[in-house]
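For the numbers below, each heavy atom of this structure counts, side chains included, while hydrogens, waters and symmetry mates do not.
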Amino acid sequence: MTEPAAESLAKEIVWPSIDDAGPAEEGGPIARSGFSYQDEVAVGFLMDMIGDPTLLKIHFETHDDLVLVRSTDTDTVRIAEYVQVKAEKPDQLWTVATLCEKKKTPASSLFERSLARDCHAEAARFRIVTLRSPASPLEPLTYAVESEFRSFTCEAMAALLAELNRRFPDVKSPKGADSSYWLTHCRWEARHDYQTVVQGNQRRLFLLASAAGCMLLIEQVMTLLEELRVVAKTASDLLWTPHRLRKIISRETIVAWWRGKLREIGEGAAQKSGGKLAEKLSAVGISDDIIELAVELRRDYGALVRSSRYMETDETRAVQSRVKSDAMSLRTRLMSGVLVADGASFHARCVEQMDIINAERPAELPDQSAYLKGCLYDIADRCLLRFEPPVA
């Protein structure tokens, strides 16, 4: 078949939507471990959905590490942006040679695999996220796609195109796209180390909340980001069959989550001390007498930490950090499905964890059971912890 005939045939094929087509392989979900950097990058894209109405949904570990599905000005055309997150080699310097390096199988280079994603109804775009900036020959790809320096009239882009065509003279996507298409529609991002990405996400969450008229405490930011990490990790770990719908997170879902969180935080700030705690405990079926004791423990805790003896001591901060850390770990396990419990059972597990912390205290310290539980309930009262299980 001649090349023009092949291109004509490609145009006649009815390509399936990326939302319906199963991935060719699912090595990502099966082999995932230690993907904190990728999940943190994904959290950034989840936040993008809150403020960007054109970002409709995100796929997690389906046809690529991430796939961002966007709308366009034309209702009948959507964009699928295939995102590769490369962080397994922290010191890797990406060059044209490493971009084109073949593994043991044919068509296995990063460039070939990325271009081959162009096999769905959506218009394909490509993004590569790395820990380090690429070598200078690839630098044009770090510029905005609409930049004048992405034109093939520029020497650096022309050189890139010539090199890809030399290495892969006949490589095309299933839909007929070639090297020039990939170079035109690929964006390379260096997001550096994990902590830099985390700090960037913290700042962005502050800005999103501020734009919505809500000022967040740093503890609230950390809690909200942890919930988003659980969303990303859970969706990434699932297999397409039978969990297709749970691997694709829509903008409607995230916006509803965000608005609910802002409303919960705002209502908590408006209520008198202990009011939000009582409401949360009542919602999961805790009896009135236990609720009264919990509110009293929280009140005693608040009075104690405001006293000159306890205010801002290293010991106080260490205990508070331990309670918050353990509460976050338990909540993360509940949201990810590792810990299965209804609201009342989860509350009991949290209280039990305070007793465990108390039992581990140094022998010279007095009993801290009431203080620890008061700290736990203070965290809940400030909208940093909920007891009800996630919605399935």
Side-chain angles (χ1 to χ4, degrees), residues 1-13 15 18 21 23-25 63-68 70 72 77-89 92-191:
M1 184 181 294
T2 64
E3 185 172 327
E7 291 184 2
S8 176
L9 179 60
K11 292 177 181 179
E12 293 175 2
I13 295 174
W15 299 98
I18 195 168
E25 53 87 25
H63 304 275
D64 219 327
D65 294 336
L66 299 161
V67 182
L68 314 180
R70 302 180 184 275
T72 65
V77 177
R78 295 191 309 170
I79 291 171
E81 184 175 6
Y82 301 90
V83 182
Q84 278 271 308
V85 182
K86 310 301 292 183
E88 62 272 18
K89 297 179 180 179
Q92 174 77 64
L93 175 62
W94 286 92
T95 64
V96 175
T98 52
L99 174 68
C100 300
E101 181 184 4
K102 291 180 179 290
K103 307 301 180 183
K104 295 181 180 180
T105 58
S108 58
S109 68
L110 176 58
F111 164 70
E112 291 170 289
R113 287 185 284 113
S114 181
L115 180 59
R117 306 302 191 212
D118 178 36
C119 60
H120 299 101
E122 292 75 11
R125 301 292 184 266
F126 315 94
R127 190 184 305 217
I128 299 173
V129 180
T130 54
L131 288 163
R132 295 181 59 183
S133 298
S136 56
L138 292 171
E139 186 178 349
L141 298 182
T142 65
Y143 306 150
V145 171
E146 62 273 11
S147 169
E148 61 181 304
F149 299 105
R150 293 291 296 262
S151 168
F152 290 118
T153 59
C154 294
E155 182 179 348
M157 280 293 287
L160 260 179
L161 178 60
E163 182 63 13
L164 287 182
N165 284 338
R166 183 186 71 80
R167 291 173 179 266
F168 305 104
D170 303 315
V171 169
K172 291 188 177 182
S173 76
K175 290 171 65 176
D178 57 12
S179 300
S180 63
Y181 181 91
W182 188 85
L183 288 171
T184 300
H185 296 101
C186 179
R187 179 73 186 274
W188 198 299
E189 282 188 272
R191 299 205 180 187

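Side-chain contact between D178 and V171 is absent, with no heavy atoms from C-beta onward closer than 4.5 Å. The shortest side-chain heavy-atom distance between R70 and R78 does not fall under the 4.5 Å cut-off.
With hydrogens and angles ignored, the 3.5 Å screen pairs no side-chain donor or acceptor of T95 with any backbone N or O of A135. Of the possible polar contacts, one joining the E112 side chain to the S109 backbone as a donor-acceptor pair under 3.5 Å is found. Put simply, the side chain of R113 never gets that close to the backbone of D64: no donor and acceptor are under 3.5 Å apart. Between the side chain of Y181 and the backbone N or O of A124, at least one donor-acceptor pair lies under 3.5 Å. The main-chain N or O of R117 is found under 3.5 Å from a side-chain atom of Y82 such that the two form a donor-acceptor pair. For R191 (side chain) and L131 (main-chain N/O), no donor-acceptor pair under 3.5 Å exists by modelled atom type. Judged by distance alone, with hydrogens and angles left aside, the side-chain atoms of R187 form no donor-acceptor pair with the main-chain N or O of F126 at under 3.5 Å. Listed for the S108 side chain is a donor-acceptor partner under 3.5 Å among the backbone atoms of K103. The backbone N or O of A21 sits less than 3.5 Å from a side-chain atom of H63, completing a donor-acceptor pair. Put simply, the side chain of T98 never gets that close to the backbone of W94: no donor and acceptor are under 3.5 Å apart.
To the nearest 0.5 Å, atom CG of residue L183 and atom CG of residue L141 are 6.0 Å apart. Separating the OG atom in S179 from the CZ atom in F168 is a distance of 8.0 Å, to the nearest 0.5 Å. Atom-to-atom distance recorded for I79:CD1 and I18:CD1 is 12.5 Å, nearest 0.5 angstrom.
Under the salt bridge (charged side-chain N to carboxylate O under 4.0 Å, His left out) criterion, the residue pairs touching residues 123-144 are E81-R127, R127-E189, with sequence neighbours excluded.
The environment of K102 atom NZ is dense: over 12 non-hydrogen atoms of other residues, nucleotides or ligands sit within 6.0 angstrom.
Note: W182 and F111 have perpendicular aromatic rings, judged against thresholds of 30 and 60 degrees for the angle between ring planes.
Salt bridge present: K175 and D118 bring a charged side-chain N and a carboxylate O closer than 4.0 Å. Salt bridge status for E163 with R167: present, with a side-chain N to carboxylate O gap under 4.0 Å.
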